[in-house]
Amino acid sequence: MIKILVICGTGVATSTMVKEKIREWLEKEKLIHQVSLFQSSVAEAVNQYDMYDIVISTTIVPDEMKDYVIDGTPFISGLGGEEMYQIIREKVFS
């Protein structure tokens, strides 16, 4: 099972929006049964981000996480969202 963590500043607002968009895309692509989706705040994720296959953030993350995190703001802005889905597909399902 692939584990995807979506994080934002508080672990509530934008992470919920992005997690829902990813869930809908996974269902459409018939990949939802291969993935577990999680969400949290950056503060909670700092000590556990390496437990996930992909971490997507809508906010600034500490330096130690930067190389591990995918920028999730395109899911919110709508600009580049399709490219983000492709990155998820390549990172997880290739």
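Numbers here are sequence positions counted from 1.
- The CG atom of D50 lies 9.0 Å from the CG atom of N47; values are rounded to the nearest 0.5 Å.
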Candidate pair F75 and Y85, rule ring pair (Phe, Tyr, Trp, His ring centres under 6.0 Å), full reasoning
CA-CA 9 Å; F75 292 112; Y85 294 126; 5.1 Å; yes
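- The two residues Y49 and E64 come nearest to each other via the heavy atoms OH-O, 3.0 Å.
- Contact detail for Y52 and I4: the closest heavy-atom pair is CD2-C, 4.3 Å.
- In this structure, a donor-acceptor pair under 3.5 Å is present between the side chains of E90 and Q86.
- Side-chain contact between F38 and Q48 is absent, with no heavy-atom pair separated by less than 4.5 Å.
- Two residues are said to be in side-chain contact when any heavy atoms from C-beta on lie closer than 4.5 Å; V42 and P62 meet this criterion.
- The nearest pair of heavy atoms linking S15 to Q39 is OG-NE2, 3.2 Å.
- Between the side chain of K3 and the backbone N or O of V35, no donor-acceptor pair lies under 3.5 Å.
- Taking the side chain as every heavy atom from C-beta outward, R89 and L31 approach each other to under 4.5 Å.
- Look at E27 and R23 and you find a salt bridge, because one of the NZ, NE, NH1 or NH2 atoms lies within 4.0 Å of a carboxylate O, short of that distance.
- Nearest heavy-atom pair, K66 versus V61, reported as atom, atom and distance to 0.1 Å: CE-O, 3.6 Å.
- The backbone N or O of S41 lies less than 3.5 Å from a partner atom in the side chain of E44, making a donor-acceptor pair.
- K19 places no side-chain N or O within 3.5 Å of a backbone atom of V6 that could act as its donor or acceptor partner.
- Taking each heavy atom of C8 and T58 in turn, the nearest pair found is CB-OG1, 3.1 Å.
- A side chain to side chain contact (heavy atoms under 4.5 Å, CB included) with I56 holds for exactly one of V69, D71, L5, I88; it is I88.
- In this structure, the separation between CD1 on I54 and CD1 on I87 is 9.0 Å, given to the nearest 0.5 Å.
- Residues M65 and I7 form a side-chain contact, since some pair of their non-hydrogen atoms from C-beta on lies under 4.5 Å apart.
- Note: M1 CE to S36 OG = 4.5 Å, rounded to the nearest 0.5 Å.
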